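Here is the structure we will look at.
Just so you know, these numbers come straight off a predicted model, no measurement behind them. Residues: numbered from 1 along the sequence shown. In each ligand, atom 1 is the first atom listed, and ligand 1 is the first ligand listed.
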Amino acid sequence: SGFLSLLRNGLSKLGVPREFLGFLSKWTDDPEENPKIPEAKGAIKAIRGQAFFIPLYELYLTYGGIFRLTFGPKSFLIVSDPSIAKHILRDNSKAYSKGILAEILDFVMGKGLIPADGEIWRVRRRAIIPALHQKYVAAMISLFGQAADRLCKKLDAAASDGEDVEMESLFSRLTLDIIGKAVFNYDFDSLTNDTGIVEAVYTVLREAEDRSVSPIPFWDIPIWKDLSPRQKKVRVALKLINNTLDDLIAICKRMVEKEDLQFHEEYMNEQDPSILHFLLASGDDVSSKQLRDDLMTMLIAGHETSAAVLTWTFYLLSKNPSVMSKLQNEVDSVLGDRVPTIDDMKKLKYATRVINESLRLYPQPPVLIRRSLEDDMLGKYPIKRGEDIFISVWNLHRCPNHWTDAEKFNPERWPLDGPNPNEINQNFSYLPFGGGPRKCVGDMFASFETVVVLAMLARHFNFQIAPGSPPVEMTTGATIHTTEGLRMTVTRRIKPPIIPTLERSVVEVDGNNPLKEPS
Ligand code: HEM
């Protein structure tokens with residue numbers, strides 16, 4: 001085997017093509033040098049009929065941090081090992097594209113930032129990142145507060161009427177309202193209304209999710225795709241959304257032209273702080289199709305993900321009442337009756353840990369998709385160009401060797417005075433927002449959004465699974481959904497009267513302690 005590798009290295013230095021060297025190694029087929037990736041055989045049966053990332057967890061326990069899953073002519077590599085994930089996402093990210101994901105999402109996101117690869121991605125990422133600057137995110141906090149307040153009013157009415165509520169769809173509407181304002185200054189107002197545009201957004205989202213779990217690309221079949229009523233509905237919805245986006249772009253262009261514009265790093269228009277306004281004001285030189293693709297991408301990326309995080313967080317809280325009361329204590333003492341501000345984000349430490357831990361148990365999306373653009377080594381295994389790869393964040397986040405009581409919802413696993421857990425300080429065992437150059441651009445936005453909503457809801461209400469509702473089970477599109485919604489009974493909290501105690505005033509005046517002798 002030593003000789004063969006010498007021979008291969010020698011030939012490669014002489015410029016012998018890689019294809020031939022590949023052939024040579026195949027021909028010699030030395031198991032020592034070319035260990036084969038374990039193959040999960042006959043596993044396909046286990047995969048069908050449930051959220052596919054769940055059986056992948058069982059297979060991971062059997063086959064390890066990387067294995068191959070074969071479906072007829074197709075095969076996928078399933079990665080659940082942090083160092084391999086780090087290699088693909090960060091250290092050798094140039095060798096990987098979005099693969100199948102880009103193909104599936106093409107009809108809705110085109111060449112938007114999530115599916116785009118190569119030069120287009122590089123240019124668009126460079127244009128968009130500055131739009132999410134500190135001052136913008138800080139301004140968004142009051143938007144989150146207003147939207148959460150609207151939801152609180154709805155929940156309050158339900159509490160009065162003694163009606164149960166379906167929280168998953170309410171969170172979906174809440175985050176749609178937020179992201180519409182945040183990205184292109186459009187008020188979907190979906191918490192109150194069901195307009196055509198809201199329905200169109202949901203038609204397109206549902207289609208994207210169905211396509212991502214469908215084994216056959218039925219939407220590509222000639223003739224059928226033109227005749228199918230469902231595909232027609234999707235086309236009509238897309239047209240409505242595209243026209244709306246074009247109108248919004250035109251309106252925003254006019255605003256920017258009228259503005260006495262002084263563009264700078266933390267530029268923000270107070271009337272319209274949206275990402276679209278920033279992009280146009282920055283002179284972003286881009287086709288309207290590309291701009292629309294990017295807006296659409298951010299709309300979808302920032303909507304379903306945050307909604308899913310909130311849904312599973314409230315599910316987890318309903319199962320863990322002691323976490324809920326600890327959270328409520330924190331919110332009472334930090335916020336009192338105020339609406340959260342940017343300064344509160346640092347203080348709502350436990351609320352942040354609750355979100356961190358919810359994202360560990362229910363990562364959104366549960367798998368990241370890549371395709372190799374060249375031959376590479378994953379751990380000790382050589383792989384070819386063109387491999388489709390699923391990085392199972394679900395498996396990374398639930399690895400029994402890495403996490404103590406991996407299945408337990410335990411926000412205390414990260415100390416309150418320590419750093420916020422992220423992919424870097426957890427060495428790619430925890431990657432709620434991905435990692436490397438394609439990491440989420442909205443991570444700060446999303447963290448604050450979910451913390452604000454969590455804090456405001458927990459301050460006013462208690463949440464229980466509605467009696468008699470079906471068990472809450474998972475299904476998957478791009479994010480983890482419930483199969484039958486999250487039906488909850490919402491009750492107003494009875495707030496304890498605020499009695500100023502000695503201890504309390506000492507804590508509160510911090511730094512100006514009235515009990516201390518004046519010096
Ligand atoms: C990418 C998660 C909210 C915009 C990603 C990725 C993850 C993620 C895991 C990496 C995907 C990959 O590597 O294949 C989340 C979660 C969110 C959230 C869990 C909410 C809790 C948002 C928001 C926005 C956003 C609010 C927009 C303002 C994006 C974009 C990308 C991305 C544009 C693609 C970045 C690129 O490829 O360069 N997100 N995200 N996300 N996210 Fe988020």
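Less than 4.0 angstrom separates some heavy atom of Phe445 from each of these atoms of ligand 1: 26 (C). Each of the atoms 2 (C), 9 (C), 19 (C) of ligand 1 lies under 4.0 Å from some heavy atom of Pro432. Counting the atoms of ligand 1 from 1 in the order shown, those under 4.0 Å from a heavy atom of Val309 are 21 (C).
Contacts between Leu113 and ligand 1 below 4.0 angstrom, taking non-hydrogen atoms only, involve backbone and side chain alike. Contact annotation: for Pro363 versus ligand 1, there are no heavy atoms closer than 4.0 Å. Contact annotation for Arg125 and ligand 1: only side-chain heavy atoms (C-beta onward) come within less than 4.0 Å of the ligand. Contacts of Lys98 with ligand 1, taken as heavy-atom pairs under 4.0 Å, involve the side chain alone.
Between Arg370 and ligand 1 there is a heavy-atom distance shorter than 4.0 Å.
For Phe278 and His133, the gap between ring centers is short of 6.0 Å.
Counting heavy atoms from C-beta outward, Glu103 and Lys98 have side chains that stay 4.5 Å or more apart. Counting heavy atoms from C-beta outward, Lys439 and Glu423 have side chains that approach closer than 4.5 Å. Side-chain contact between Leu176 and Tyr202: present, with at least one pair of heavy atoms (C-beta onward) separated by less than 4.5 Å.
Summarising the contacts of atom 27 (C) of ligand 1 with Met444, Met298, His303, the nearest heavy atom is found in Met298.
Ring geometry, Tyr430 versus Trp414: the interplanar angle falls from 30° to 60°, so the pair is classed tilted. Between Tyr267 and Phe263, the two ring planes are tilted [angle within 30° to 60°]. The aromatic rings of Tyr186 and Phe184 are tilted relative to each other, their planes meeting at an angle between 30° and 60°. Under the 30°/60° scheme for interplanar angles, the aromatic rings of Phe76 and Phe390 are found to be tilted. The aromatic rings of Phe67 and Tyr63 are tilted relative to each other, their planes meeting at an angle between 30° and 60°.
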Please table the atom pairs, donor to acceptor, closer than 3.5 Å between any side-chain atom in residues 138-152 and protein atoms at least two apart or in another chain.
residue: Ser142; atom: OG; partner: Ala139; partner atom: O; Å: 3.1
residue: Asp149; atom: OD2; partner: Lys153; partner atom: NZ; Å: 2.9
residue: Arg150; atom: NH1; partner: Asp189; partner atom: OD1; Å: 2.6

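Side-chain atoms of Asn420 and Arg353 form a donor-acceptor pair, as typed in the model, at a separation below 3.5 Å.
Here the protein heavy atom with the shortest distance to atom 11 (C) of ligand 1 is Leu368 CD2, 3.8 Å. The nearest protein atom to atom 2 (C) of ligand 1, hydrogens excluded, is given as Gln364 O, 3.5 Å; this is a heavy-atom distance. In this structure, the protein non-hydrogen atom closest to atom 10 (C) of ligand 1 is Arg438 O, 3.7 Å.
Atom CG of Asp187 has more than 12 neighbouring heavy atoms from other residues, nucleotides or ligands inside a 6.0 Å radius.
The number of protein N, O or S atoms lying under 2.8 Å from atom 43 (Fe) of ligand 1 is 1.
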